[in-house]
Amino acid sequence: MAAVRVADAPLRGLNTFGIDARARVLWRVDTPDALPSVLRALRDEAGGEPLVLGGGSNLLITGDLERPVLQVALPGRRIVADDGESVLAEAGAGEPWDGLVRWSLAQGAFGLENLALIPGTTGAAPIQNIGAYGVEQREAFDSLDALDLHTGAARRFDAADCAFGYRDSVFKGPDAGRWLVTAVRYRLSRRPRLRLDYGDIRDELARAGHGDPGPVEVADAVSAIRRRKLPDPAVLGNAGSFFKNPLVDPAQAQALAAREPGLPAWPAGAHMKLSAAWMIERCGWKGYREGDAGVHAAHALVLVNHGQASGAALLALARRIRDSVAARFGVELEPEPVVVGPARL
Ligand SMILES: Cc1cc2nc3c(=O)[nH]c(=O)nc-3n(C[C@H](O)[C@H](O)[C@H](O)COP(=O)(O)OP(=O)(O)OC[C@H]3O[C@@H](n4cnc5c(N)ncnc54)[C@H](O)[C@@H]3O)c2cc1C
């Protein structure tokens, strides 16, 4: 197929919130060879810079999109190098992330197991430096290939170029939207180094009867916990955590803790990280619903679409949550998903 162009494309099935918006034009590309001609064609499309789309699991689309959408479906996984100790593995940007995790485990290459079952594509994983269960993708990241959407030029980024932070990277900075990631490489280990200290991993392993677990059992345990705790977007539209845990200076955290007993806070470098979920719950939002836009009943950080909520309605709810947390705690919440379309937070 290589590349297809669809005019007036429905986006509902292409974002996990299930928002029923349309794109004036959508290009889908599934071979690297087709990219140069697609990028040239995109320059002739009206509407400005394209929105690069992976699995749509970290997006809030607030209305119909005038700008073109470029859906990246570049496939492929391979081992680039293997010295018996470590493995360099590469995946095309369109490869489903969880597929990469499971494939790497099947190759006996370890390091991604705590990141099992995160939705979305491999090309998007470095964009917000995905993380879960005590691990971030940057810990195994080697490098990525990208194309400059302005010029078509290719560039390789190493970890330092990417400037990874907590749910952050250079790709979310002032140049956001400029780079199209085509492939990502991870440095994995032949020797398992299990990370079991986060959340309920040990309990889950014990429950499943794994006294001496390996990386596959860890991935299974993480997947089981995630299935239990997070709503399945196929059943209830959502984009995972909607807000980042805010970073504040230690003095502010101390003052807040004195005023708000029980507020969870963890050291994070020179800052303290506060629990956004706890603050949102304290403001009374957990389980809230207005029309089809709501907050998950079991998880105050997860905004949900009960069926027909528009992106604008979810955005309005996000604004009210952010404002109430700012009023009570004096802390500004930042959204984790990328907000695209006519309205912004
Ligand atoms: C139920 C659920 C649970 C989740 N849990 C977690 C979690 O535990 N940890 C976590 O970190 N995230 C989590 N997420 C968020 C999401 O899965 C990740 O952010 C994921 O990496 C997004 O991938 P995607 O392909 O769907 O990206 P999209 O939503 O399609 O895009 C997200 C951003 O990346 C850009 N982008 C996508 N592909 C490319 C590319 N090839 N090149 C350049 N830019 C690109 C887009 O332009 C956009 O800015 C969760 C989401 C859901 C729905």
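Since this is a predicted model, take the numbers as computed values, not measurements. Just so you know, ligand 1 is whichever comes first in the structure, and atom 1 is the first atom listed for that ligand.
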S.K.: Begin from the C-alpha positions of Arg190 and Asp82 and carry the test salt bridge (charged side-chain N to carboxylate O under 4.0 Å, His left out) through to its verdict.
M.R.: CA-CA 9 Å; Arg190 285 284 180 207; Asp82 181 355; 2.5 Å; yes

S.K.: Between Asn238 and ligand 1, find which residue part has any heavy-atom pair under 4.0 Å and reply side chain, backbone, both or neither.
M.R.: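 The answer is both.
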
S.K.: Check whether any side-chain N or O of Asp98 sits under 3.5 Å from a backbone N or O of Pro119 as a donor-acceptor pair, and report yes or no.
M.R.: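 The answer is no, because no donor-acceptor pair under 3.5 Å joins these two groups.
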
S.K.: Please could you name the atoms of ligand 1 that Gly131 approaches to less than 4.0 Å, counting only its heavy atoms?
M.R.: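 This gives 7 (C), 8 (O), 9 (N), 10 (C), 11 (O) as the contact atoms.
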
S.K.: Minimum heavy-atom separation for Leu303 to Phe17, with atom names?
M.R.: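 Scanning both residues completely, I find the closest heavy atoms to be O-CE2, 3.3 Å.
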
S.K.: Would you mind running through ligand 1 and noting each atom that sits below 4.0 Å from a heavy atom of Thr121?
M.R.: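 Numbered from 1, ligand 1 contributes 23 (O), 24 (P), 25 (O).
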
S.K.: Using a 4.0 Å heavy-atom threshold (strictly under), name the region of Val52 that reaches ligand 1: side chain, backbone, both or neither.
M.R.: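 Both backbone and side chain.
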
S.K.: For Ala93, does its backbone N or O pair with a side-chain atom of Glu95 as donor and acceptor, under 3.5 Å?
M.R.: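 Judged by distance alone, no pair lies under 3.5 Å.
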
S.K.: Can any side-chain N or O of Trp97 pair as donor or acceptor with the backbone N or O of Leu115 at less than 3.5 Å?
M.R.: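 Answer holds: yes.
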
S.K.: Quick one: does Arg226 get a heavy atom under 4.0 Å from ligand 1?
M.R.: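 Yes, Arg226 has heavy atoms under 4.0 Å from ligand 1.
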
S.K.: Below 4.0 angstrom from a heavy atom of Ala93, which ligand 1 atoms are there? Numbered from 1 as shown, please.
M.R.: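 Listed by number with element: 41 (N).
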
S.K.: Looking only at protein heavy atoms, which one is nearest to atom 24 (P) of ligand 1, and how far off is it?
M.R.: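 For atom 24 (P) of ligand 1, the nearest protein heavy atom comes out as Gly55 N, 3.4 Å.
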
S.K.: Got an N/O contact under 3.5 Å between Leu53 and ligand 1?
M.R.: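 The answer is no, given that Leu53 and ligand 1 share no N or O pair closer than 3.5 Å.
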
S.K.: Looking only at heavy atoms, is any part of Trp179 under 4.0 Å from ligand 1, and if so is it the side chain, the backbone, or both, or is it neither?
M.R.: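 Contact part for Trp179 vs ligand 1: backbone (N, CA, C, O).
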
S.K.: Please state which part of Pro119 comes within less than 4.0 Å of ligand 1, counting heavy atoms only: side chain, backbone, both or neither.
M.R.: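 Both parts.
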
S.K.: Heavy-atom contacts with Ala132 under 4.0 Å: which atoms of ligand 1 show up? List them by number with element.
M.R.: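 Counting from 1, the qualifying ligand atoms are 8 (O).
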
S.K.: Less than 3.5 Å between some nitrogen or oxygen of Leu51 and one of ligand 1, yes or no?
M.R.: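 No, since none of the N or O atoms of Leu51 sits under 3.5 Å from an N or O of ligand 1.
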
S.K.: Out of all atoms in ligand 1, which are within 4.0 Å of some heavy atom of Gly56? Include the element for each.
M.R.: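 Here the atoms of ligand 1 in question are 24 (P), 26 (O), 28 (P), 29 (O), 30 (O).
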
S.K.: Taking ring-ring contact (aromatic ring centres under 6.0 Å, His included) as the test, write out the residues that go with Phe157, two or more places apart.
M.R.: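 By the ring-ring contact (aromatic ring centres under 6.0 Å, His included) rule, Phe157 matches Phe171, Trp179.
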
S.K.: For ligand 1, which part of Val338 has a heavy atom less than 4.0 Å away: the side chain, the backbone, both, or neither?
M.R.: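 Under 4.0 Å from ligand 1, Val338 contributes side-chain atoms alone.
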
S.K.: Work out whether the distance between some heavy atom of Arg167 and some atom of ligand 1 is less than 4.0 Å.
M.R.: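 Checking ligand 1 against Arg167, which is what was asked, there is a heavy-atom contact under 4.0 Å.
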
S.K.: Give the atoms of ligand 1, by number and element, whose distance to some non-hydrogen atom of Thr16 is under 4.0 Å.
M.R.: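 Near Thr16, the atoms of ligand 1 are 53 (C).
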
S.K.: Partners of Trp285 by ring-ring contact (aromatic ring centres under 6.0 Å, His included), sequence neighbours excluded?
M.R.: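 Per chain and number, Trp285 pairs via ring-ring contact (aromatic ring centres under 6.0 Å, His included) with Tyr288.
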
S.K.: Quick check: does Gly240 get an N/O under 3.5 Å from an N/O on ligand 1?
M.R.: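 No, since none of the N or O atoms of Gly240 sits under 3.5 Å from an N or O of ligand 1.
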
